[in-house]
Protein chains: 2
Amino acid sequence: MNRRSSLQSKENIKKAALEAFSKYGYGGASMKMIAHEAGMSVGGLYLYFKNKEELYLFLIKEKLDEFSKTAENAFKIINDPVEAIVRYINISIEYAKKHKEFIITQSKEHGFTFGMEIKKKFFEEQKALILRIIKKGIENGIFKPFEPVEVAKVIMGLIRGFIISIVINPENIFDAKYCTDVILKGLLKEN
Amino acid sequence: MNRRSSLQSKENIKKAALEAFSKYGYGGASMKMIAHEAGMSVGGLYLYFKNKEELYLFLIKEKLDEFSKTAENAFKIINDPVEAIVRYINISIEYAKKHKEFIITQSKEHGFTFGMEIKKKFFEEQKALILRIIKKGIENGIFKPFEPVEVAKVIMGLIRGFIISIVINPENIFDAKYCTDVILKGLLKEN
DNA sequence: AATTCACATGAACAGACGTTCATCATTACA
DNA sequence: TGTAATGATGAACGTCTGTTCATGTGAATT
């Protein structure tokens, strides 16, 4: 079969590759199986991506950008820090549910040397975003006067854990509501 | 070189394998490099482990058991729920720092079909442990009357995130104190 | 109708992989 | 000293990998 639209073919490859990398990791996913899943030959892949590594990095970058845009857009219309935090957690969870295993794949294969700069940059951006929310909340007197940077780290950690939990325990997904409840109100009854 | 103690050789292999799997993942770590790092030949590995898969599963099981024992022992002498939660988080973090990347390796390679039963069992046990603490705290009137099961999930998620954060951002490790502060006291100033 | 061009193929290649096994070296015991 | 037994070797094997490339095909252009 040939003479398909070039755009469609690339889209097919991306979809197949994302699935394969997510399921089997970088080493475990073979170019042959990606090609097969994309409905084309091995050679065809190399018309669209220089090699396996480039294909992998392309996917990482695409997904991270996707998330960044969604998150930033959401905050353009939110002023309340509480709502912002709740919203950010919800966006993160939706994203995680959508991309499941691939998220973990990203943070592991090849001992982080792989696409490290891209990921580092992404995490820095996200931390800055949360930090802005926290600072605002503290300034407004809504949040307790914790150290903002440390709180931002904790929130990021919580979200990461949330995402990992979804991937590890997909049959036991927990509601974001409880998550936000705990960080906002705290476990203790009285201070 | 030969006629080493069998025990020492096995120990060398375990150490080398843990390092290799942690750095490069299951697919990325080769038997040749494990053998080399252990100071022996490839064939030698097969005197102690049936194959690569068995070696990998052995390591997973060993590390999880190690952690379970540490956690359980700690709680034998603690009655205060607050102290117990703080302690559990600290133990988890210490463990994570010690084994870094291997923890992530465990939750990913081969799409979870790998050693899944072992991990599932481990997580169930840990959740039960946390649940016990939370329930006690609520019964004693120390914790807010949240849904205990959901809170346990959130706590587990937080810890997982903490661990992942340590691995992703080793140069930016955050203090466990802030973590426990946030979950115990909450962000909001007034309810 | 002839030519060009984008898209696609899959056998072929070199290298790496996990695993096996005939062989060897050292120790323990007879 | 001779004989098992234990621990270790690494070349060899078959399989799979990522990548290349000579070849093919159908649509668009001339």
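Naming: A, B, ... by sequence-line order, numbering from 1 per chain. Everything numeric in this text was worked out from a predicted model, so none of it was measured.
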Engineer: Reckon B:Ala35 touches a base, only the sugar-phosphate, or nothing at all at heavy-atom distances under 4.0 Å?
Structural biologist: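 Contact class for B:Ala35: none.
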Engineer: Calculate the interatomic distance between B:Leu45 atom CG and D:dG7 atom P; express it in whole Å.
Structural biologist: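 Result: 15 Å.
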Engineer: Side chain of A:Tyr48 only, heavy atoms from C-beta on: which candidate in C:dA8, D:dA8, C:dT19 is closest?
Structural biologist: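 Among C:dA8, D:dA8, C:dT19, the one nearest the side chain of A:Tyr48 is C:dA8.
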Engineer: Assess, by modelled atom type and distance only, whether the side chains of A:Glu94 and A:Asn90 contain a donor and an acceptor separated by less than 3.5 Å.
Structural biologist: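 No, no side-chain donor-acceptor contact under 3.5 Å.
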Engineer: Check every atom of D:dG7, C:dT9, C:dC17 against the side chain of B:Ser6 and return the nucleotide holding the closest atom.
Structural biologist: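 From the listed options, D:dG7 comes nearest.
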Engineer: Can you check nucleotides 13-16 of chain D for protein contacts, nitrogen or oxygen pairs under 3.5 Å, and list what you find?
Structural biologist:
none

Engineer: Can any side-chain N or O of A:Lys144 pair as donor or acceptor with the backbone N or O of B:Gly186 at less than 3.5 Å?
Structural biologist: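 Yes; judged by distance alone, with no hydrogens or angles, the pair exists.
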Engineer: A:Tyr24 has an atom OH; how far is it from atom P of D:dT17, in whole Å?
Structural biologist: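 Interatomic distance, OH of A:Tyr24 to P of D:dT17: 12 Å.
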Engineer: Verify, without hydrogens or angle tests, whether A:Tyr56 (side chain) and A:Ala17 (backbone) share a donor-acceptor contact under 3.5 angstrom.
Structural biologist: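 Answer holds: no.
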Engineer: Rounded to whole Å, how long is the line connecting atom CE of A:Met40 with atom P of C:dA6?
Structural biologist: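 In whole Å, C:dA6 P lies 16 Å from A:Met40 CE.
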Engineer: Quick one: does NZ or CZ of A:Lys10 land under 6.0 Å from the six-membered ring centre of A:Phe58, within 45 degrees of the ring axis?
Structural biologist: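 Yes - A:Lys10 lies over the ring of A:Phe58, closer than 6.0 Å to its centre and within 45° of its axis.
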Engineer: Can you figure out which of C:dG18, D:dT9, D:dG18 approaches the side chain of A:Tyr46 most closely?
Structural biologist: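 The answer is D:dG18, which lies nearest to the side chain.
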Engineer: Specify the separation, in whole Å, of atom CG of A:Leu47 and atom P of D:dC21.
Structural biologist: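 Checked: the CG to P distance equals 13 Å.
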Engineer: Check the distance between C:dA16's P and A:Lys32's NZ and give it to me in whole angstrom.
Structural biologist: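 After rounding, the reported distance stands at 20 Å.
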Engineer: Measure from NZ on B:Lys10 to P on D:dA8 and round the result to the nearest Å.
Structural biologist: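 Spelled out: NZ on B:Lys10 to P on D:dA8 is 13 Å.
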Engineer: State whether the side chain of A:Lys23 and the backbone N or O of A:Ala29 hold a donor-acceptor pair below 3.5 Å, judged by distance alone.
Structural biologist: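 Here the side-chain-to-backbone pair does not exist.
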Engineer: Does B:Phe146 have its ring centroid less than 6.0 Å away from the ring centroid of A:Tyr178?
Structural biologist: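 No, the ring of B:Phe146 stays outside the 6.0 Å limit from the ring of A:Tyr178, centre to centre.
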Engineer: Just by distance, with hydrogens left out, do B:Gln126 and B:Tyr88 show a side-chain donor and acceptor under 3.5 Å apart?
Structural biologist: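 Yes.
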Engineer: Pull out every protein N or O sitting under 3.5 Å from an N or O of nucleotides 11-14 of chain C, one pair per line with the distance.
Structural biologist:
none

Engineer: Can A:Glu66 and A:Lys63 be counted as an ion pair, charged N to O under 4.0 angstrom?
Structural biologist: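 Salt bridge: yes.
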Engineer: Does B:Arg132 count as lying over the ring of B:Phe75, i.e. NZ or CZ under 6.0 Å from the six-ring centre, within 45 degrees of the axis?
Structural biologist: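 No, B:Arg132 does not lie over the aromatic ring of B:Phe75.
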Engineer: Let me know the distance between NE2 of B:His36 and C1' of D:dA8, rounded to the nearest Å.
Structural biologist: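 In whole Å, D:dA8 C1' lies 16 Å from B:His36 NE2.
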Engineer: Which one, D:dG18, C:dG10, D:dG7, comes nearest to the side chain of A:Met31?
Structural biologist: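 The answer is D:dG18, which lies nearest to the side chain.
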Engineer: Expressed as a whole number of angstroms, how long is the span from B:Lys52:NZ to C:dC17:P?
Structural biologist: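 Going from B:Lys52 (NZ) to C:dC17 (P), I get 8 Å.
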